[in-house]
*Asks:* 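First the structure, which I've put down as structure tokens, then a few questions once you've had a look.
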Amino acid sequence: MNNWIQLPGCQYVADTECTFSFLKLNVLDEITLRIRAERGNSTSAWYIVDSFIPFLKAQIGPPEVHLEAEDKAVKINISPPGKQMWSMDRSRFIYSVVIWENSARTEERTETVYPRDMIYKLSPETTYCLKVRAELPLQKKVGVYSAVHCVNTTAENKLPPPENIEVDAANQNYVLKWDYAFANVTFQAQWLYGYLKQFPEDHSNKWKQIPGCVHVRTTQCVFPQRAFPDRVYFLRVQASDGNSTSLWSEEKEFRSEAQTVILPPVLNVKTTSHALHAYVGAGPVDLHRPLIYEIRFWENASSAESRILQEQTDFTFPNLKPLTVYCFKARAHLLGEKWNQSSDFSDVVCEKTKPGATSRTWLVAGICVLVVSVPVAVYIVKGLLRCLNYVFFPSPKPPSSIDEYFSEQPLKNLLLSPSEERTERCFIIEDVRSMTVLEEAKGTGGDLRAYHSQASRDSGHYSNEDESSGGKTSEGSVQEESG
Amino acid sequence: PDMIQKCWWLAFLMHVFIIGFQALDCDFLNVNLNRVIRKNMKLLRNVSHSFPIECLREIKDFELPQEILSHSQMEKRDIKEAWYEISTQAFCIFMGHAFQTTWEETHLTQIQNGLYEQVAYLEQCLMEDIHETKEEEMKYSGTGRFLLNNLELRKYFYRMNNFLEDKKYSYCAREIVRVEITRCFSYFYRFTAFLRRR
């Protein structure tokens with residue numbers, strides 16, 4: 001936090017606000033600002049602004065707009081705002097245009113346009129004004145409107161563009177149809193990948209000819225479906241009379257998967273003892289994409305429907321009630337960008353479940369009971385055995401109540417543990433003449449000291465360790481301790 | 001056992017009730033998205049035959065935000081938003097001018113179309129949720145909604161974009177970024193697979 005950087009554009013500012021750009025700063029990193037006042041050589045203390053992430057705080061600015069008139073339409077070219085701040089969102093902006101006739105402000109129209117688009121349905125030779133704003137709906141951010149731009153539409157061209165473009169599916173082909181008022185013209189049709197429209201770059205060179213739709217004399221042309229695997233496209237048509245060409249028609253969005261018809265699948269239901277199985281057979285459709293199958297089922301008595309969606313054609317329904325009638329119906333969905341492509345429902349099939357499930361539950365319950373009861377039984381048997389043992393094979397151990405009456409150790413030892421070896425503490429009395437020290441050892445368990453004597457007769461060293469190791473008997477006269 | 005069965009049935013019905021309330025469209029998300037993502041991963045992997053050895057020297061760690069993947073509490077919507085972020089960013093990179101000459105046109109358009117499809121699915125699903133909120137909630141001030149997880153993902157892609165710029169979109173830089181994006185998809189795909197099994 002110690003390397004504060006001077007903010008260009010905000011040095012020696014006389015006003016109480018300043019504007020700066022983020023330059024090389026990463027707008028995703030958190031930054032802090034600090035400000036102070038200066039007069040001459042004296043400065044105030046720094047005021048430190050709460051840190052923030054510029055990207056999260058930023059507002060969407062006004063976009064740049066260029067307009068060009070084309071007959072009854074206006075070509076609009078929008079540059080996304082905030083090249084640095086929104087650099088990673090450039091293609092995600094949605095542009096909202098408000099357009100009105102300059103003379104009649106009250107009749108405003110709002111349209112959503114692509115960054116390079118055409119605004120149609122305008123009158124020729126009229127002045128129109130508009131303003132544009134950029135939005136990022138998923139971030140819930142709405143931008144500021146641009147300045148108002150005005151443009152004059154021109155007179156209608158001799159050759160108008162074709163109108164009312166439609167696409168139909170027939171067999172394995174698509175049929176592109178349009179309307180045109182004049183005769184003796186040829187047409188050509190072009191297509192463009194749909195996603196390119198979202199980018200503000202010029203894609204005019206990315207349009208391609210539709211095979212079978214070049215120099216056609218009729219107001220329709222046919223091309224194979226497999227030329228347009230399921231995606232989004234834009235189509236446009238142009239008329240030509242040899243000398244001049246018309247402007248391009250309105251660009252028609254074409255979703256190739258939306259044209260195919262899906263037949264309802266064939267449904268078979270089978271019961272086994274454990275569960276219910278359903279098999280779905282697809283209709284004869286030649287598609288580039290797999291289908292998703294949906295099965296809806298309900299108890300015959302109730303109306304509450306459940307459903308399963310999956311790609312596989314085999315369905316299993318495990319947790320159903322036994323001995324109940326269930327009804328099923330199925331349909332197929334085509335996976336496409338707009339997934340409201342569905343077939344109709346198949347016929348309803350009803351089946352009764354088998355009672356298998358209950359017996360399985362009982363089996364499980366039985367096992368549980370067994371698992372719990374076995375340790376209990378063992379415990380009981382053990383208790384019984386203990387009882388028997390006590391009655392017929394009493395243990396030689398005296399009852400513990402004896403402890404109360406015989407608390408002293410030697411008596412206790414006498415009575416209770418006859419088998420234990422009795423050890424006694426002894427001490428040696430030596431020849432009086434040679435004895436230097438004679439000390440009596442104290443009572444039971446008392447400290448016993450090692451005796452050292454210079455006696456000749458009994459020259460052994462006798463020492464007793466602590467009680468615990470027991471005593472060592474030795475030769476010589478032994479005198480029993482007197483209590 | 002009968003009581004237990006009753007409870008299970010109730011839970012099942014409730015689950016279905018909740019599903020029924022969601023738009024039919026978003027229910028397809030799992031099945032659809034998986035298929036599209038798998039297809040895109042395959043395309044991205046196979047577009048170059050093998051990673052050029054001479055580019056190994058320039059490999060950089062872009063710090064994929066793995067902590068996102070460790071959240072066990074991620075809601076379905078948050079996952080969709082995360083996927084949306086990485087799909088749009090990847091799409092943006094591959095639509096860049098520099099990539100136009102990297103691969104054959106057919107491969108390039110397949111990848112671009114594939115990623116666009118991925119983005120479009122997610123967008124449609126997320127937009128439906130947005131439309132339920134009122135217009136007034138759209139404010140001019142920058143208090144939009146942007147998940148912090150997505151901020152981390154955005155920084156991750158920002159590092160990739162910076163790398164491409166610094167290396168002047170060299171062939172090695174483009175290859176490295178392609179591999180990184182494929183790796184990113186794979187991580188996220190495995191993560192959502194885990195969630196789908198719940």
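Here the structure is a predicted model, which is why all the values come from computation and not from measurement.
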*Asks:* Looking at B/N113, B/T88, B/T109, which has the largest count of heavy-atom pairs under 4.5 Å with chain A?
*Replies:* B/N113
*Asks:* Give me the atom names and distance for the closest heavy-atom approach of A/F297 to A/I308.
*Replies:* CE2-CG1, 4.1 Å
*Asks:* Side chain, backbone, both or neither: which part of A/E201 has a non-hydrogen atom closer than 4.5 Å to chain B?
*Replies:* neither
*Asks:* With sequence neighbours left out, what residues match A/R116 under salt bridge (charged side-chain N to carboxylate O under 4.0 Å, His left out)?
*Replies:* A/D202
*Asks:* Answer yes if the side chains of A/E30 and A/S51 hold a donor-acceptor pair under 3.5 Å, and no otherwise.
*Replies:* yes
*Asks:* Distance only, no hydrogens: is a donor on one side chain within 3.5 Å (strictly under) of an acceptor on the other, for A/Y195 and B/Q112?
*Replies:* yes
*Asks:* May I ask you to check whether A/F317 and A/F328 place their ring centres under 6.0 Å from each other?
*Replies:* yes
*Asks:* Could you list which of residues 156-177 of chain B have a heavy atom closer than 4.5 Å to any heavy atom of chain A, in residue-number order?
*Replies:* B/F157, B/Y158, B/N161
*Asks:* Identify the residue among A/W207, A/F228, A/F234 that makes a ring pair (Phe, Tyr, Trp, His ring centres under 6.0 Å) with A/W191.
*Replies:* A/F228
*Asks:* Do any N or O atoms from the side chain of A/Y326 and from the backbone of A/K321 form a donor-acceptor pair under 3.5 angstrom?
*Replies:* yes
